[in-house]
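Data block below; observations after.
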Amino acid sequence: MRIAMETFPLLKLIPHALLLVWLLPATVVPSLLQEQAGALLAWKATLQSHPAQLQSWSTGNKTSWPCSWYGISCSMHQPRHQEVITGISLPGLRLRGELDALNFTVLRTLTSINLSDNQIRGSFPPALASSLPNLRHLILQDNELSGEIPREIKHLEGLVRLNLSSNLLSGPIPGELGFLKELDTIDFSKNNLTGPIPRNLGNFTKLTTLYLYGNRFTGYLPRELGYLMNLQELALADNKLIGPIPGFFGSFINLTGLYLWGNQLSGHIPPELGYLKNLKTLHLGNNKLKGSIPEIFGNLTKLATLCLGGNLFSGHVPRQIGTLMDLVRLELGTNNLSGSLPPELCSRSPLRHLTAFDNKLNGQLPSSLVHCKSLVRVRIERNQIEGDISELGVYPNLLYMDMSSNKLSGQLSYHWGECPNLTKLGISNNNLMGKIPANIGQLSQLKVLDLSSNKLEGEIPSELGNLKNLFQLSLADNLLHGSIPQEIGALSSLELLDLSSNNLSGLVQGSVEHCLKLRSLNMSGNNFKGNVPTALASLHNLHELLDLSDNSFIGAIPSQLGGLILLDNLNLSHNKLIGSIPSSFKNMGGLTSIDVSYNELEGPVPESKLFQEAPIQWFVHNKVLCDVVKGLPPCSSATQSEGKRKIYKTLVLAIVPALICFILVVVILMFRRERKRSTANNTANVTQVNIFSIWSFDGANVFKQIVEATNSFSIIHCIGTGGYGSVYKARLPTSEIFAVKKIHRIEDECCISKSVFKREIEALVQIRHRNIVKLFGYCSSSQGKFLIYEYMERGDLAAILRVNGRAIELDWRRRIHIVLDVVQALAYMHHDCSSPIVHRDITSNNILLDLEFRACISDFGTAKILNIDGQNITRLAGTKGYLAPELAYTENVTEKCDVYSFGVLVLELFMGYHPGDLLSSLLSDTKNNDVCLLDLLDSRLVLPEAETAREIYCILSVVVQCLELSPSRRPTARRASDELFAIKACEDDVDYLHASITIPAQ
């Protein structure tokens, strides 16, 4: 009994013990989840952004338990029958932070991670790889991960899908990746990975998808890839791979997509590719492949996309390609193909994209294309294709059509008005006849209409005035007649209008002068009558061309045209204009050429630098033009010449008196000539004492005002200092502001300072261009040597890019315009001056901006006027980092030196800093280097919109050609200018922000 009583307290504890055992699992499970939840909350606290979706991540109440949080999934952990976190899926939330802050050791139960399309930065955490043995899906695409892929990745042995695309990863693919035998998908595309493609990729026998495109892989395609028998998608495009395409690719019997474009692959296409019966996409464009296109491609019955453009293919296009039933895209452009296009094209397939431009194709245009309603984009320009196109135009989905420069005939059908989505219609330089259909005016999306160089007749349809989005209209070199419809004035987006070489007549008033965005207007070679419209002066955006030549304009030249201060080229020749050249024309600072020949003009030519250096051919066959232009008589002599004509008439009536008069005239002329010679000698002597010239000013007075305005060139007014001089800001009492450059006096380099001063004057006195800083005057006296320029309010580009606030003000559109400004100026210097001028120091320090962000090239102290007939040996000049590479081994200066410097300048402009690190990293590389556009954009600015990104990509694609190692491979400034200004008219559906740009190795 006593024993029982002693054990009774123990018996009372048994129910409590059983309760504790029963509750034990319940206490363990929350503890593990709480630990995992704590790791997620700790990571959330490190994020720089907190989207609304993560508000559920909280411990505030029972419903916020981790398994119910947004993007978190759980499942039962079998060994302990516990519920644990197994999945994290947070794509597209723009999360900003690092993965290193996440405790993967606690989250070892994870089987899936999807953090794609965010802003995750930093390196790939080794702990992620070493702590998650059960991970099967790892998706980190479209982030900002950098550094190398860690070797610890070998621990993810159960991984099935690995996607690290569109990041900033660099270095080689680690060999340890070969341990992941279960991988089904590898996507490392759009990074900066380097080195050869690893041979041990052949270990992934279960692999169905391998994406390595958009990197910098080099070398040959490894033979071990042939072991990947289950491959369905293989993308190695946009790298630097070399050598032939291996024949073993034909053994990938399950392959549906093969992407090898944008490499340096060479040799012939192996016929074994014709065995890929499941292939839907074959993209081999932009390589160095040659030979013929295999006829066995006709066996690829499932092929939807075939891209072979940008290679060296020759021979005919196999007819079998036209029989492919599923063909949607066929790209053959920029090869050496000949013969005709397959006649069955689009007769059986839903063809949408056809490009075959820049080949030697001939023969008939396939009749099957006439009723191919699936067409979206067609480019077959610059071939020799023949055929009647009178029935073309029934394309409800068509966006882009260019058939220019062929041998097409027939008429434009009214079907073209039934293409509601059409943005470009180019059929120039063919043999079209008939009228322009009025219902083309129904194409509300049309941006470019080019029907030039045909035999079109009739009048310009007034319905064209409905094309509100039209950017370029070219109807030149046809047989059009009648007047310009007033409705053309409603084209508010029009920038380029060319109506030249037709039979147009009537008055111009009431039409084109309302197109206020025009920057080029060519109406030459017609029969327009009446006065030159004064209203043309309202076209303030005209800066490329105003050509009214070879018409029947009468009356005086409107002085208001002098207000077109941006205009480069003005042609009024071959008309019936009378009166004088307006004095206001001297204010047209942008003019590089003006032609008023073959009119009835008289009187003095305005005094400006352009006219002083102008060739006589611009003024010949007028009444009595005089002064300024070399070859024209002085105005006093012109008056005498008129008197001579009267004397000659009198000779018929009175020979003797006339003979006496003639003798007197001879004596007077001899006397005046001697007097003029004496005066010239005196003037020369004076000039040697005080060489000072300010155009349209009293030189001595202005010099005095400049000295006063700068407080005798005080450092307070100094706005810049260079190797040869300092620049001062001088505000005159007239409120005019000049930039005054004072050449340094260096006793030991006296000859150098004199030559710099002389060279700058010699270069600038020949130049009158809106994008080259204007030289207003110069002074060389005992007080020093000075150059007086126009003042550019915003200063030099280098200073702007250095300051964040000022750099942000320089947005993408303004940077694009700066590129166009500079290339126009270079083209003018290299090609339009009487002798080419090489600047030799094109840098951001020498690009000045005014209040409107107009860019001007300045500082011509190192410029050289080239001897066209010989070499131009000179001492090295320029700025390190911008010098063309050939100057390291030759002293022969050419225009291509400026072109190289221009390429560096544009990279600096878009990157926001000098690309020295980028260029120097390529010095040891013998191959081209691909850089993502995003890597070339100034991070201080918001990313450009799609259209602007396209323009920047196209600009840089042209500019990188300027960086070629060999000068002969660089474009001329004229060609670069033409290509850059043609960019606006081209369009394509491409993700340009993530596209790669190939920069030539140095």
Side-chain angles (χ1 to χ4, degrees), residues 39-40 42-44 46-49 51 53-54 70-73 85-174 176-177 179-180 182-194 204 207 209-215 233 235 932 934-935 991 993-994:
L40 292 177
W43 180 60
K44 176 186 174 183
T46 68
L47 298 177
Q48 301 174 26
S49 61
Q53 291 89 338
L54 294 190
Y70 179 88
I72 303 300
S73 57
I85 295 177
T86 56
I88 300 176
S89 181
L90 303 170
L93 298 186
R94 296 193 174 274
L95 302 176
R96 298 176 62 188
E98 297 187 6
L99 282 179
D100 268 334
L102 187 55
N103 187 348
F104 290 103
T105 304
V106 174
L107 296 167
R108 59 188 178 275
T109 56
L110 282 174
T111 61
S112 175
I113 298 176
N114 184 354
L115 296 175
S116 62
D117 195 17
N118 283 292
Q119 299 176 28
I120 307 298
R121 300 173 181 175
S123 60
F124 186 109
L128 185 155
S130 59
S131 304
L132 306 179
N134 301 313
L135 196 65
R136 292 178 57 81
H137 300 275
L138 178 58
I139 306 172
L140 301 175
Q141 71 186 64
D142 284 301
N143 279 288
E144 300 173 16
L145 295 173
S146 57
E148 298 187 1
I149 301 172
R151 294 183 176 182
E152 287 82 356
I153 200 168
K154 66 181 180 181
H155 297 297
L156 299 175
E157 295 183 358
L159 205 61
V160 174
R161 184 180 179 189
L162 176 58
N163 190 338
L164 304 178
S165 64
S166 298
N167 278 283
L168 306 172
L169 298 171
S170 57
I173 296 177
E176 288 78 1
L177 189 71
F179 288 96
L180 311 185
E182 300 299 317
L183 276 174
D184 171 82
T185 299
I186 297 178
D187 190 349
F188 292 162
S189 62
K190 296 183 180 180
N191 279 284
N192 295 315
L193 300 174
T194 56
F204 303 126
L207 203 64
T209 302
L210 177 58
Y211 287 162
L212 302 179
Y213 65 89
N215 283 284
E233 294 275 332
C932 179
L934 276 174
D935 297 333
D991 181 8
L993 280 175
H994 293 91

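Not a single donor-acceptor pair under 3.5 Å links the side chain of S165 to the backbone N or O of K190. Judged purely by atom type and a 3.5 angstrom limit, N114 has no side-chain atom pairing as donor or acceptor with the backbone of S89. Listed for the D117 side chain is no donor-acceptor partner under 3.5 Å among the backbone atoms of D142. N143 contributes a side-chain N or O that, together with a main-chain N or O of N118, makes up a donor-acceptor pair within less than 3.5 Å.
Put simply, CG on L193 and CG on N191 are 5.0 Å apart, with the number rounded to the nearest 0.5 Å. In this structure, L115 CG and L102 CG are separated by 8.0 Å, a value rounded to the nearest 0.5 Å. Taking CG from L132 and OG from S112, the interatomic distance works out to 11.0 Å, rounded to the nearest 0.5 Å. In this structure, CZ on F188 lies 13.0 Å from CD on Q141, to the nearest 0.5 angstrom. Rounding to the nearest 0.5 Å places CG of L168 at 6.0 Å from CG of D935. Note: I139 CD1 to I88 CD1 = 12.5 Å, rounded to the nearest 0.5 Å.
Within the 4.5 Å cutoff, the side chain of I173 has heavy atoms near those of the L212 side chain. Residues F124 and D100 have side chains not in contact (no heavy-atom distance under 4.5 Å, counting atoms from C-beta outward). In this structure the side chain of N215 never reaches within 4.5 angstrom of the side chain of T194, judged on heavy atoms. The side-chain heavy atoms of L138 and N163, taken from C-beta on, include no pair separated by under 4.5 Å. I113 has its side chain within reach of F104: a pair of non-hydrogen atoms, C-beta onward, lies under 4.5 Å apart. D187 is not listed as a side-chain neighbour of L162, based on a closest heavy-atom distance of 4.5 Å or more. Contact annotation: the side chain of E148 approaches that of P172 to within less than 4.5 Å [non-hydrogen atoms, C-beta and beyond]. A 4.5 Å side-chain heavy-atom check between F179 and L159 finds every atom pair outside the cut-off.
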Apply side chain to side chain contact (heavy atoms under 4.5 Å, CB included) to L169 and I149, showing your working. CA-CA 7 Å; L169 298 171; I149 301 172; 4.2 Å; yes

Evaluate side chain to side chain contact (heavy atoms under 4.5 Å, CB included) for L54 paired with L95, printing each intermediate quantity in order. CA-CA 10 Å; L54 294 190; L95 302 176; 3.9 Å; yes

Would E98 and R121 count as a salt bridge (Lys or Arg N to Asp or Glu O under 4.0 Å) here? Give the steps. CA-CA 5 Å; E98 297 187 6; R121 300 173 181 175; over 6 Å; no

Begin from the C-alpha positions of I72 and L40 and carry the test side chain to side chain contact (heavy atoms under 4.5 Å, CB included) through to its verdict. CA-CA 10 Å; I72 303 300; L40 292 177; 3.7 Å; yes

One pair to check against side chain to side chain contact (heavy atoms under 4.5 Å, CB included): T209 and I186. What are the steps and the verdict? CA-CA 6 Å; T209 302; I186 297 178; over 6 Å; no

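Closest non-hydrogen pair, Y70 versus L93, comes out as CE2-CD1, 3.9 Å. The two residues P133 and R108 have their closest heavy-atom pair at CD-O, 4.0 Å. Heavy-atom minimum distance, P174 versus R151: CB-CG, 4.4 Å. Of all the heavy atoms in T46 and A101, the pair that sits closest is OG1-CB, 3.6 Å. R96 and S49 get closest at one heavy-atom pair: N-OG, 3.2 Å. Across every non-hydrogen atom of P125 and L99, the tightest pair is CG-CB, 3.4 Å.
In this structure, R161 has no salt bridge (charged side-chain N to carboxylate O under 4.0 Å, His left out) partners at least two apart in sequence or on a different chain.
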